[in-house]
Amino acid sequence: MTESDLVRTRFAPSPSGHLHVGGARTALFCWAFARQQSGKFILRIEDTDQKRSSDAASLGFLEDLKWLGIEWDEGPEFEGCGGGDYGPYFSSQRLEIYRRYANQLIDAGLAYRAFESSEELDAARKVARASKQNYRYDRASLRLNDTTVQRFLDEGKPYVVRMKLPDVEAITFTDEVRGEQKAGIDELDDFVIVKADGWPTYHLAVVVDDEQMQVSHVLRGQEHLSNTFKHVMLQDALNFRRPVYAHASLIFNPDGSKMSKRDKDKALRLSVREQAVTASPTIPGSNTPAVKDEQWTWWLERKDRQLDLDTAESLATALGITLPEVNVDDYRRSGYLPDVLTNYLSLLGWSPGNDMEKFDLEFLKNNFSFDRIIKAPAKFDRTKLLAFNHDAIQAMDADAFSQLFADHVQTYHPEFAAKLSAEQILLLGRANHPRSKTLDDQVASSRFFIMDDDAIEYDTSVKAVRKALMNGEPNGYDFLEQMLPMLREIKSWNTETLETSLNEFAERNAEGKFGKVAQPLRIAVSGGTISPAIFDTLVILGRESTLRRMKRCLEQREVLNDV
RNA sequence: GCCCCCAUCGUCUAGUGGACCAGGACGCCGGGUUCUCAUCCCGGUAACAGGGGUUCGAAUCCCCUUGGGGGUACCA
């Protein structure tokens, strides 16, 4: 195998925030194919839009990819990934290279400078549109004579560089998933390859980078299918090798709308409109506005402006809504497992060809193929993802889960670590394991563990609470009263002894109906009707807190009786 | 408007001319188990978008219609 036969794939996102699930799937497929073919998987940052790029944003998805287990051989260096001999791997650091090729095209008469401003072009487009005409650039600048061009250049008149359509009837290329693709030359346009600021457009950058980085296979989303004609044209003009192309379909929201990073802002704007909010609402429990004044007006001015993630989160909290999960990081926060996400994502637009659904990265690596990429777009079903996550969590052993749970809580809910010992958190993880669908979904119902004993409230206006405490003869309070001395006497406070004595108690006093005993106890220690299994709950809480909470609960009974 | 892509249960999909009165998974509905919540178990529901061809035979091939999506940027 020679160097040029080596399979080299790349994932080339623009650095606008965290990695979204669509991008993750593309990266996953590129990675799987490269690994399968013993090739290289390259990560390249396509930051050719000065307005959109920022360093901080690009780091976010390095972390996301790494977390998913998608490791790149070449690209930005990050925790053992990246490096490589074909860099730099940021487009913004390759401007000289693009300029060289653009000049080469101009010199060869295959591209030319055009002096119209984007405002002029927009106006022309509008006119064409109004008369239902198809707009095409009229090549006015191509007809300029040399002296005029020279004069414009001397005057410093801004210009773009346009690719000159070749004198052929049609452009064709092969797509590995969709077959032969053909576009008549009159359906295309002299597209821009260098912007007025001297930066390349995506089309030029991508073609040059793919060539220089020896990319052999380009796997990307369907949104690039018609761009490929431009890319192929550039490759031919520059005498570049054409990579193999494969375009996967897009991933949509359940309502059919395109799943995009904008969805968060969209949800916020919708809520702002519905609630008729005029100034930024304040963060609950404080006077600070969720969005600073100047940012608020900036954001509302134009619909294409996006709030940064943290601000968006606090605005969502202030508005009382939850933001749609569209980024890999959102799912990480919500307690999804990376293996589950990659598994589920693989199934969106690809299938192994039998009834197999649960598989890992290794399987994907061994079985991935272009011809099994599904052509129809897929809707992202969060419910099914949840079900997958649930299955995966239940398939883990308790210790493994509890360790992950502890890590998760440490990162995303530090207030637990502040109140509970490492051992208690592990116990909590174990206790929550059977009832968890994600690493996060039982955190909210576990809050009572970190509350002060005196802060637990017994709200007898809640039907289930009232029923467990006050219904029947004897009622829940009576049981609590009887259990108190018994629990106080227990020598070793652990699951076994608690189980024995409470079961015995239920047998003797509640006709063996364990629920009659467990539920009042649960309410006494948690204030509510939801908790892990009662023995686990009591063990984690410890004897002192348990007894204190029981006493407080009974004290409230006195108050009720007095009324 | 123009160009392109796509079309199987609600959703993700299996299906590559006969093994399909269409299989799996998630959801949903009904029943059961359980100390709460969550589970778990059993049963059930549900699709080849429509219309023309081709063929002995079509979910599978062709055409049209309809519907969905992408592109049409000095965004990527």
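The sequence lines fix the lettering, A, B, ..., with proteins before strands; numbering per chain opens at 1. Only a predicted model underlies this, so the values are computations on that prediction, with no experimental measurement involved.
- We find that CG of A:L502 is positioned 15 Å from P of B:U36, with the value rounded to whole Å.
- A:Y344 places none of its side-chain heavy atoms less than 4.5 Å from the side chain of A:R25.
- With hydrogens and angles ignored, a donor-acceptor pair under 3.5 angstrom links the side chain of A:K384 to the base of B:C12.
- Centroid-to-centroid, the aromatic rings of A:F448 and A:F416 stay 6.0 Å apart or farther.
- Of the candidates B:G69, B:G10, B:A76, B:A76 carries the atom nearest the A:Y202 side chain, counting heavy atoms from C-beta on.
- Listed nucleotides: B:G70, B:C40, B:G1. Nearest to the side chain of A:H390: B:C40.
- Checking A:F535 against A:V194, the closest nucleotide of RNA chain B that is more toward the 5' end is the one next to A:F535.
- Distances shown here put every side-chain N or O of A:R178 at or beyond 4.0 Å from the OP1 or OP2 atom of B:C4.
- Spacing between atom CG of A:D122 and atom C1' of B:U72 amounts to 13 Å, rounded to whole angstrom units.
- For the P atoms, the distance linking B:U16 with B:U60 amounts to 12 Å, nearest Å.
- At B:A76, one or more side-chain N or O atoms of A:K195 fall inside 4.0 Å of OP1 or OP2 (strictly under the cut-off).
- The interatomic distance linking A:N343 (CG) with B:A25 (C1') rounds to 11 Å, in whole Å.
- Regarding contacts with the backbone of B:G15, a side-chain N or O of A:R372 is found under 4.0 angstrom from either OP1 or OP2.
- Across B:A76, B:G10, B:G69, the shortest atom-to-atom separation from the side chain of A:L250 is found for B:G69.
- Shown are A:E223, A:R220, A:Q222; of these, the side-chain hydrogen bond (donor to acceptor under 3.5 Å, both in side chains) with A:H247 is made only by A:R220.
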Determine, stepwise, if the pair A:E180 / A:K182 fulfils salt bridge (Lys or Arg N to Asp or Glu O under 4.0 Å).
CA-CA 7 Å; A:E180 293 303 307; A:K182 183 174 176 180; over 6 Å; no

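- Pair assignment for B:C40: B:G32, on the basis of Watson-Crick or G-U wobble contacts that are both within less than 3.5 Å.
- The base of B:G23 lies close enough to the side chain of A:D355 for a donor and an acceptor atom to sit less than 3.5 Å apart.
- Straight-line distance between the C1' atoms of B:A59 and B:G32: roughly 38 Å, to the nearest whole Å.
- Proximity of A:S351 to the phosphate of B:A14: a side-chain N or O atom is located under 4.0 Å from OP1 or OP2.
- Judged by atom type and distance alone, A:E357 reaches the base of B:G24 through a side-chain donor-acceptor pair under 3.5 Å.
- Proximity note for A:R435 (side chain, C-beta onward) versus B:A38, B:G70, B:U13: the nearest is B:A38.
- Note on A:A205: nothing from the nucleic acid sits closer than 4.0 angstrom, heavy atoms only.
- Partner assigned to B:A7 is B:U66, using Watson-Crick or G-U wobble distances below 3.5 angstrom.
- Between the P atom of B:A76 and the OH atom of A:Y98 lies a distance of 11 Å, rounded to the nearest Å.
- If you check B:A14, B:U36, B:C75 against the side chain of A:I374, the one that comes closest is B:A14.
- Between A:D190 and A:R139 there is a salt bridge, since at least one side-chain N of the basic residue sits less than 4.0 Å from a carboxylate O of the acidic one.
- Closest to the side chain of A:L225, out of B:G69, B:C4, B:C37, is B:C4.
- Salt bridge annotation for A:K384-A:E357: present, with a cationic side-chain nitrogen under 4.0 angstrom from a carboxylate oxygen.
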Going through the checks in order, is the side-chain hydrogen bond (donor to acceptor under 3.5 Å, both in side chains) test met by A:T438 and A:N389?
CA-CA 6 Å; A:T438 70; A:N389 208 60; 5.3 Å; no

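- Nucleotides B:C41 and B:U33 place their C1' atoms 7 Å apart, quoted to the nearest Å.
- No contact: A:F380 has no heavy atom under 4.0 Å from any strand.
- One atom, CD of A:E223, and another, P of B:A73, lie 16 Å apart when rounded to the nearest Å.
- Remark: B:C2 base-pairs with B:G71. Criterion, Watson-Crick or G-U wobble with two distances under 3.5 Å.
- When the P atom is compared between B:G15 and B:C9, the two are found 16 Å apart, to the nearest whole Å.
- Counting non-hydrogen atoms under 4.0 angstrom, A:N227 reaches a base of the nucleic acid.
- Counting any heavy atom pair closer than 4.0 Å across all strands shown, A:P13 reaches no nucleic acid atom.
- Contacts of A:V192 with the nucleic acid, taken as non-hydrogen atoms under 4.0 Å apart, involve only primed sugar atoms and P, OP1 or OP2.
- Here A:R129 lies in heavy-atom contact (under 4.0 Å) with a base.
- Closest to the A:N134 side chain, of the nucleotides B:G1, B:C37, B:G10, is B:G1.
- Place A:Y159 and A:S226 on RNA chain B by their nearest nucleotides, and A:S226 ends up nearer the 5' end.
- Of the candidates B:C6, B:C74, B:U16, the closest approach to any side-chain atom of A:R162 belongs to B:C74.
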Passes side-chain hydrogen bond (donor to acceptor under 3.5 Å, both in side chains), A:S461 versus A:D459? Steps please.
CA-CA 5 Å; A:S461 71; A:D459 187 354; 2.5 Å; yes

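- Closest to the side chain of A:T383, out of B:G69, B:G27, B:U36, is B:G27.
- Within 4.0 Å of A:A183, counting heavy atoms only, lies no atom of the nucleic acid at all.
- Atom CG in A:D210 sits about 15 Å away from atom P in B:A76, given to the nearest Å.
- To the nearest 0.5 Å, the span separating OG on A:S226 from CD on A:E187 amounts to 11.0 Å.
- Regarding A:E116, its CD atom lies at a distance of 14 Å from the P atom of B:A73, rounded to whole Å.
- Here the nucleotide nearest the side chain of A:Q181, chosen from B:C35, B:U11, B:C5, is B:C5.
- Residue A:G349 is classed as a sugar-phosphate contact, given heavy-atom separations below 4.0 Å to backbone atoms only.
- Checking B:G18 for Watson-Crick or G-U wobble geometry (two distances, each under 3.5 Å) identifies B:C56 as its partner.
- As rounded to whole Å, 17 Å separates atom P of B:C5 from atom OH of A:Y245.
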